[in-house]
Protein chains: 2
Amino acid sequence: MPSDHTRSAILAAAERLYADRGFGDVTLRDIVAEANVNLAAVNYHFGSKDELIAELFVTRSIATNRERLRELKAAEEAGGGRAPIEVILRALVRPTLRGCLGPENQRSTAARFMIRASIESVPPIRRIKNREIDHLRKFAGAMRRSLPDRSEVDIYWGLNFALAMAHHTIRESERLIKLSDGLCDLDDVEDVVQRVVSVATMALTAGRSEAKAPTRVAAR
Amino acid sequence: MPSDHTRSAILAAAERLYADRGFGDVTLRDIVAEANVNLAAVNYHFGSKDELIAELFVTRSIATNRERLRELKAAEEAGGGRAPIEVILRALVRPTLRGCLGPENQRSTAARFMIRASIESVPPIRRIKNREIDHLRKFAGAMRRSLPDRSEVDIYWGLNFALAMAHHTIRESERLIKLSDGLCDLDDVEDVVQRVVSVATMALTAGRSEAKAPTRVAAR
DNA sequence: GATAGTTTCATACAACTGTTTGAAATGCAA
DNA sequence: TTGCATTTCAAACAGTTGTATGAAACTATC
């Protein structure tokens, strides 16, 4: 069973290259060169380029979702079925932020690959991505249990904004550093997590506890 | 004088196709077919495919930035050099949101093209994009004048989060609709703007004693 | 109306893409 | 060893890409 080596070498090389340079710029020849295997090996082991990408994505997708759900479940069980909204949000955004930010040398290829996937959205990935909705629904459910007084629409908007801040900060991290002349320290991952979580929490709790609700007018 | 027609036909067709399908999937042959011109016309009028994309991007970039700055300046002049933070944020996110959301038939190709550009980030665009930082700095400046007590870091984070929510909502609008089973109404642009602005405002004013509920200014 | 300059056109080009092929090499069971 | 299946390999394939070419069709000036 030494044949397994070629297969996993391709997977590793492909993930690294995709994470670094995106899907558009990486060819099969780049991948096999990086993996030191023959060109035909990709089609032999995976069938096609798209299936290679798909396998890469499902593997990482499952792993990421499992990590997020593990944090979420632990929190809900500790709270007897209800977790504080901050903890839920933290479970949602922290795994990704930890993988993509922080000191350069300890960023995970896996997380960076997932970010690429969420950005470039090539056909094979787009097809799979719809399943992620079910995963997000679990978080929406937990949030609803945590904030039973909140309207369902507000829950979805809060979830959307939390993901927005985490994702965008990762994608545009370089620009933010340049814009702020280095003032914003993206290496301090826990600080970033805290900022995202606290803003998202405010978005979800404003008007219920101490803050006043934003007056919303139906523009129609 | 009919020669100018070819040039602008190419620009229009390219912008439409890029906005709809992204840069990766659109070839020169797609563009010239859509524009009903000869294949060689692109290289004749623009030099290369990259220069065509670049011209498209700088044109739209200037226009978008001008629109945002117009709203910002008007607000600051009306307030004697200081505009309320909500108004500043609204000037930042509304032009883009208006162009990319709302009823399908009235979305502007220009805005959708700019979103594509901000997502896919092909080389010719990435080179130009660094100038946008100067543009964002103007907004950071206005925000600093509006919230003089706020630390500079917080200003940049607030700016980052505001753009994050606007951008992400546009990019993932389909998913948000599906996730919420249609509960989130993205056709009501002013409501989306209000949500983004009010959360960003909270992020920027939280903790300050005079933090008050964001007030709606204009209901289009 | 001839001429010079611009613009269009069909076509060819060279480079690159993912994929296939068929033969060599390898591993493993008898 | 002999067989048989799996895996590797160099080479070629068919398709697409952006770009270049040179002749034709224009336009405007004299």
Side-chain angles (χ1 to χ4, degrees), chain A residues 1-58 113 116-117 120-128, chain B residues 1-58 113 116-117 120-128:
Chain A
M1 59 158 36
S3 71
D4 205 22
H5 165 264
T6 301
R7 204 187 135 89
S8 49
I10 292 175
L11 284 171
E15 182 170 46
R16 196 168 348 126
L17 289 178
Y18 284 143
D20 285 345
R21 295 160 35 191
F23 297 100
D25 294 343
V26 177
T27 74
L28 281 189
R29 284 168 176 83
D30 293 332
I31 294 173
V32 300
E34 180 86 358
N36 277 312
V37 300
N38 188 270
L39 172 60
V42 173
N43 288 277
Y44 176 78
H45 284 281
F46 299 93
S48 71
K49 185 191 186 183
D50 279 10
E51 289 176 83
L52 165 62
I53 295 180
E55 171 151 344
L56 227 33
F57 183 69
V58 297
F113 170 84
R116 283 284 183 191
E120 298 198 3
S121 178
V122 289
I125 287 185
R126 200 175 313 144
R127 259 173 279 145
I128 301 168
Chain B
M1 70 179 345
S3 71
D4 202 24
H5 165 264
T6 300
R7 203 187 136 89
S8 50
I10 292 174
L11 284 170
E15 182 169 47
R16 197 167 347 128
L17 289 179
Y18 283 143
D20 285 345
R21 296 160 35 192
F23 297 100
D25 295 342
V26 177
T27 73
L28 282 189
R29 284 169 176 80
D30 293 332
I31 294 173
V32 300
E34 180 87 358
N36 278 310
V37 301
N38 188 269
L39 173 60
V42 173
N43 287 276
Y44 177 78
H45 284 282
F46 299 93
S48 72
K49 185 192 186 183
D50 280 10
E51 291 176 82
L52 165 62
I53 294 179
E55 171 152 346
L56 227 33
F57 183 69
V58 297
F113 171 84
R116 282 286 182 191
E120 298 197 4
S121 178
V122 288
I125 287 184
R126 199 176 314 143
R127 258 172 280 144
I128 301 170

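Hydrogens, waters and symmetry mates play no part in the numbers below; they use all other heavy atoms, side chains included. Convention: sequence-line order gives letters A, B, ...; per-chain numbering from 1.
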Whole-Å gap separating C1' (dT6(C)) and CG (Asp4(B)): 13 Å

Length of the line joining Phe46(B):CZ and dT7(C):C1', which is rounded to integer Å: 14 Å

Among dA10(D), dA10(C), dG18(C), the nucleotide that comes nearest once only the side chain of Lys49(A) is considered: dG18(C)

dT8(C) OP1/OP2 closer than 4.0 Å to side-chain N/O of Thr6(B): yes

Contact nearer the 5' end of DNA chain C, comparing Gly47(A) with Thr27(A): Thr27(A)

Atom-to-atom span, CZ of Phe23(A) to P of dG18(C) - whole angstrom: 13 Å

Spacing of CD1 belonging to Ile31(A) relative to CD belonging to Glu15(A), to within rounding of 0.5 Å: 11.0 Å

Nearest listed nucleotide, side chain of Ala40(A), among dT20(C), dT17(D), dT8(D): dT20(C)

Presence of His45(B) side-chain N/O under 4.0 Å of dT6(C) phosphate oxygens OP1/OP2: no

Atom of Ala13(A), atom of Ala35(A) and distance for their closest heavy-atom approach: CB-CB, 3.7 Å

Plane angle bin for Phe23(B) and Phe113(B) - parallel if under 30°, tilted between 30 and 60°, otherwise perpendicular: perpendicular

Distance, rounded to the nearest Å, where Asn36(A) contributes CG and dT7(D) contributes P: 20 Å

Touch class at under 4.0 angstrom, heavy-atom based, for Ala41(B) against every strand present: nothing

Shortest non-hydrogen contact from Leu39(B) toward Arg29(B): CD2-NH2, 3.7 Å

Point-to-point distance, once rounded to the nearest 0.5 Å, from CZ of Arg21(A) to OG1 of Thr27(A): 7.5 Å

Asn43(B) CG - dT19(D) P separation (whole Å): 5 Å

Ile53(B) CD1 - dT19(D) C1' separation (whole Å): 15 Å

Listed nucleotide nearest any side-chain atom of Asn38(A), set dT20(C), dG18(D), dT8(D): dT8(D)

Nearest listed nucleotide, side chain of Leu39(B), among dG18(C), dT8(C), dT11(C): dT11(C)

Phosphate OP1/OP2 of dT7(D): any His5(A) side-chain N/O under 4.0 Å: no

Nearest-Å distance for atom pair CZ/P, residues Arg29(B) and dA20(D): 13 Å

Proximity to the side chain of Tyr44(A) - top-ranked nucleotide from dA10(D), dT7(D), dT8(C): dT7(D)

N or O in side chain of Ser48(A) less than 4.0 angstrom from dG18(C) OP1/OP2: no

Separation of atom CG in Leu28(B) from atom C1' in dT11(C), rounded to whole Å: 16 Å

